[in-house]
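In the text below, chain A, chain B and the rest are named by the order of the sequence lines, each starting its count at 1.
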Amino acid sequence: MIDLTRPSQQVARDLIGALLTFDGVGGVVVETEAYDIDDPASHAFSGPTPRNAPMFGPVGRAYVYRSYGLHWCLNIVCGPNPGAAVLFRALEPTVGLDRMIARRGLTDIRRLTAGPGRLCQALGIGTAQNAMPMTDPPFHLEPAPAQVAVIEGPRIGITKAVEQPWRFGLAGSPFLSRPFKPLT
DNA sequence: CTTTTGATGCCCT
DNA sequence: GGGCATCAAAAGA
């Protein structure tokens with residue numbers, strides 16, 4: 001099993017290539033971002049609030065929040081200390097394709113789960129899953145079966161701590177929410 | 001292909 | 001009341 005008590009940056013990296021499903025629907029994790037309590041871009045930065053409460057609870061639970069009033073975003077709580085989590089940004093859809101296509105109203109596999117909001121819509125994740133343990137059914141999470149090539153870069157859609165390279169991706173995956181800058 | 005804009009709810013100061 | 005860890009559709013080039 002993935003060691004969720006490690007710092008969020010390391011967990012975010014470990015999760016690339018892992019299999020994540022919810023209620024028998026999901027795929028391979030291809031993109032994540034790490035957030036931390038000492039991180040101005042994190043919801044946990046200003047301390048516990050009603051919204052971010054799961055981030056200060058046990059490791060392995062889900063932290064689901066509403067984004068821009070319309071979308072849901074899924075995190076897994078981790079870290080040696082409270083207030084850290086990893087945001088799931090994209091999957092490669094592999095399990096339950098028909099249900100994801102139905103929920104998203106799309107047949108374009110590349111856009112089924114490429115983005116945190118899209119991913120939650122495809123898996124049927126919402127506020128009901130907040131604080132739910134992701135280590136037990138109906139969630140299923142298993143480590144990457146083999147070593148994978150991981151690339152990193154700055155996080156997306158934030159305005160603070162933009163310079164931190166805490167976004168991780170599966171190298172060459174066509175299922176990323178956005179491409180990573182070429183490493184030069 | 002890229003950029004822009006509107007939809008939309010809710011937490012926090 | 002400001003500001004989002006977003007997305008899809010529309011408009012420009």
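When rounded to the nearest whole Å, the span between CZ of R178(A) and C1' of dT3(B) equals 12 Å. Nucleotide dG2(C) holds its C1' atom 11 Å from the NZ atom of K160(A), rounded to whole Å. As a whole-Å value, the separation of R66(A) CZ from dC11(B) P is 10 Å. Residue N52(A) contributes atom CG, which lies 13 Å from atom C1' of dA5(C) at whole-angstrom precision. As a whole-Å value, the separation of W72(A) CH2 from dC10(B) C1' is 10 Å. A straight line from CG of N130(A) to P of dC10(B) spans 14 Å, rounded to a whole angstrom.
Distance check: L106(A) CG to M100(A) CE gives 12.0 Å after rounding to the nearest 0.5 Å. Here the CG atom belonging to N52(A) is positioned 8.5 Å from the OG atom belonging to S46(A), to the nearest 0.5 angstrom.
Secondary-structure stems of DNA chain B, taken as three or more successive Watson-Crick or G-U wobble pairs (i with j, i+1 with j-1) under a 3.5 Å distance threshold, comprise B:1-7 with C:6-12, B:9-12 with C:1-4.
Screening residues 132-144 of chain A for side-chain hydrogen bond (donor to acceptor under 3.5 Å, both in side chains), with sequence neighbours left out, gives H140(A)-E142(A).
If you run side chain to side chain contact (heavy atoms under 4.5 Å, CB included) between T113(A) and each of T94(A), V30(A), L91(A), only L91(A) comes through.
Residues passing the side-chain hydrogen bond (donor to acceptor under 3.5 Å, both in side chains) test with E33(A), sequence neighbours excluded: Y35(A).
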*Once each nucleotide of nucleotides 6-13 of chain C is scored for protein heavy atoms under 4.0 Å, what B/S/- sequence comes out, 5' to 3'?*
BSS-----
I'd like a table of donor-acceptor pairs (distance under 3.5 Å, sequence neighbours excluded) in which one partner is a side-chain atom from residues 114-126 of chain A, with atom names and distances.
{"from": "R118(A)", "atom 1": "NH1", "to": "A114(A)", "atom 2": "O", "distance (Å)": "2.8"}
{"from": "Q121(A)", "atom 1": "OE1", "to": "R104(A)", "atom 2": "NH1", "distance (Å)": "2.8"}
{"from": "Q121(A)", "atom 1": "NE2", "to": "R103(A)", "atom 2": "O", "distance (Å)": "3.3"}

Which donor-acceptor pairs under 3.5 Å do side chains of residues 62-77 of chain A form with protein atoms, sequence neighbours excluded?
{"from": "Y63(A)", "atom 1": "OH", "to": "H43(A)", "atom 2": "ND1", "distance (Å)": "2.8"}
{"from": "N75(A)", "atom 1": "ND2", "to": "Y63(A)", "atom 2": "O", "distance (Å)": "3.2"}

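Dashed line: the shortest gap from a side-chain N or O of T159(A) to OP1 or OP2 of dG3(C) is not under 4.0 Å.
At a threshold of 4.0 Å, the pair E31(A)-R178(A) does not count as salt-bridged, since none of the basic side-chain nitrogens sits closer than that to a carboxylate oxygen.
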